[in-house]
Protein chains: 2
Amino acid sequence: MATDRDSVLLAAVGVLSRQPTAAMDEIARAAGISRATLHRLFPGRDALVREVAGLAMRRMAAALDAAAIEDGDPVEAVRRLADAIVPRATEAAFLTGESRLFDDSELWAAWEQIDARVAALFLRGQQSGAFRVELPAAWLSEAFLDLLAGVGWAVQEGRLAPRAGTSALTELFLGGALRRDQ
Amino acid sequence: MATDRDSVLLAAVGVLSRQPTAAMDEIARAAGISRATLHRLFPGRDALVREVAGLAMRRMAAALDAAAIEDGDPVEAVRRLADAIVPRATEAAFLTGESRLFDDSELWAAWEQIDARVAALFLRGQQSGAFRVELPAAWLSEAFLDLLAGVGWAVQEGRLAPRAGTSALTELFLGGALRRDQ
DNA sequence: ATCCCATGAGACGTCCGTGTCGCACCTGCG
DNA sequence: CGCAGGTGCGACACGGACGTCTCATGGGAT
């Protein structure tokens, strides 16, 4: 069943987000299967990594959908987005570390679409007056996704409690490091 | 003279920050020397990468020194830090992408010291009431360095103008995405 | 002009990861 | 009980990158 492939892909995300150069051997062990079976499921390493990337993109896009980032108050939309996407921080860390994947035009387009949707949210917020206009929406989007990847790394290395990820991302990104009431 | 080694190391930072798996061949070409000379200068790939990391750490630490982050008003210290360290964003991007280097205890300690100094700055700012206390100083430090790496990537890919890096980092990190005056 | 020496070019062996195959096992089913 | 399908294990060949070596070249110093 397809669950097999997906569970292998999820295990691979975990390994590859930490070690982008991990060998098929390590990925197979992390997935609890043998190297032979891994090759039976996927034609080769490239195909595996590209499928991992595809799944990661779909899961991130699904988080954008679930958060309905195109609707309602932009600030609330960002909060919903953070809630929905922090559980996908590992995927973001993987994609950030596997930047050479973006030679593939299909994957590049998928990433571009995610980035564009997030940027559109920030642009909408700038037009509504909620977000600062000094910072380009494209940079806000990139910074948000970079911080998301940072959350993924920090959680994996145990430097950040998983439950703390959402507030760490939301509070820093929206409010910054400065106290506002002084 | 030592300048040779350093100029090669700087060229290597540029390549490896984009392509952490770049071959000796590509690094040599980027440095304008042959693969043979590259091997004459450095015992091997591991040694080269570790020296690149060492130089990157020293340059980042020098930026902390130059900004005198241990002195004066914490907010001003962060602004000085951003000014001084954005020119080292490529190094930060390299170190972020080469996380497996941190198995080496010496490099790990050097990174830990940089991280600790930045975290101490934020802790100092929290104690003085300038920075928000809801966000752990360790996370502020990590997020700051993640955003710095993000600036490095964005500049290299041409998505962010080099001169815009400092304000992009400072404004987002200190003030967040929200407008403060409404 | 001569010598020295660093460099570039190319060839070579080695290692590691990949991809494929054959075989044994085991589990579920008829 | 026998069988079929899936899985693990080990062996193999292949390829690419690494590391080393030799040799020719060219620029600089004496």
Side-chain angles (χ1 to χ4, degrees), chain A residues 1-56 93-104 106-107, chain B residues 1-56 93-104 106-107:
Chain A
M1 40 186 172
T3 313
D4 280 333
R5 293 175 60 88
D6 281 8
S7 70
V8 170
L9 290 175
L10 290 182
V13 171
V15 177
L16 291 172
S17 63
R18 283 188 294 271
Q19 291 268 344
T21 64
M24 295 292 271
D25 198 4
E26 314 174 53
I27 299 172
R29 245 180 296 128
I33 62 178
S34 72
R35 201 166 64 94
T37 302
L38 185 56
H39 271 97
R40 288 187 188 105
L41 287 173
F42 304 95
R45 189 186 204 281
D46 274 8
L48 168 63
V49 174
R50 267 190 283 108
E51 281 210 49
V52 172
L55 179 65
F94 160 77
L95 291 170
T96 301
E98 211 81 13
S99 51
R100 65 171 167 167
L101 276 178
F102 295 173
D103 293 351
D104 182 297
E106 192 176 344
L107 291 174
Chain B
M1 41 185 169
T3 311
D4 279 334
R5 293 175 58 87
D6 281 8
S7 70
V8 171
L9 290 175
L10 290 182
V13 171
V15 177
L16 291 172
S17 62
R18 282 188 294 271
Q19 289 270 342
T21 65
M24 294 293 272
D25 200 3
E26 313 174 54
I27 299 172
R29 244 179 297 128
I33 62 178
S34 71
R35 202 166 65 93
T37 303
L38 185 58
H39 272 96
R40 288 187 188 102
L41 288 173
F42 304 96
R45 196 197 144 82
D46 273 9
L48 167 64
V49 175
R50 268 191 282 108
E51 281 209 49
V52 173
L55 179 65
F94 160 77
L95 290 170
T96 301
E98 210 81 13
S99 52
R100 63 171 169 166
L101 277 177
F102 297 174
D103 293 350
D104 183 299
E106 192 175 344
L107 291 175

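Just so you know, these numbers come straight off a predicted model, no measurement behind them. Just so we're on the same page: letters track the sequence lines, and every chain starts at 1.
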[X] [atom1] to [Y] [atom2] distance, which is reported to the nearest 0.5 Å:
X     : Y      : atom1 : atom2 : value
B:R5  : B:L10  : CZ    : CG    : 12.5 Å
A:E51 : A:D6   : CD    : CG    : 9.0 Å
A:I33 : A:S7   : CD1   : OG    : 7.5 Å
A:R40 : A:D4   : CZ    : CG    : 13.0 Å
A:D46 : A:L101 : CG    : CG    : 8.5 Å
B:R50 : B:L48  : CZ    : CG    : 10.0 Å

Task: Members of residues 44-54 of chain B that approach DNA chain D, where some heavy atom sits under 4.0 Å away - done: B:G44, B:R45
- [ ] Using heavy atoms and a sub-4.0 Å distance, could you list which residues of residues 11-19 of chain B are near DNA chain D? By number, please.
- [x] none
Minimum heavy-atom separation for [X] to [Y], with atom names?
X     : Y     : result
A:L16 : A:V49 : CD1-CG2, 4.3 Å
B:R45 : B:P20 : NH2-O, 3.2 Å
B:V15 : B:A22 : CG1-CB, 3.6 Å

How close or far is atom [atom2] of [N] from atom [atom1] of [X], stated in whole angstroms?
X     : N      : atom1 : atom2 : answer
B:F42 : D:dC18 : CZ    : P     : 15 Å
A:H39 : D:dG10 : NE2   : P     : 17 Å
A:I27 : C:dG19 : CD1   : C1'   : 14 Å

TODO: Decide side chain to side chain contact (heavy atoms under 4.5 Å, CB included) for A:L55 and A:F94; before the verdict, give the C-alpha distance in whole Å, the side-chain angles of both, and the deciding distance to 0.1 Å.
DONE: CA-CA 11 Å; A:L55 179 65; A:F94 160 77; over 6 Å; no
Task: Letter per nucleotide, 5' to 3', of nucleotides 5-12 of chain C [B base touched, S only sugar-phosphate touched, - untouched; heavy atoms, 4.0 Å] - done: --BBB-B-
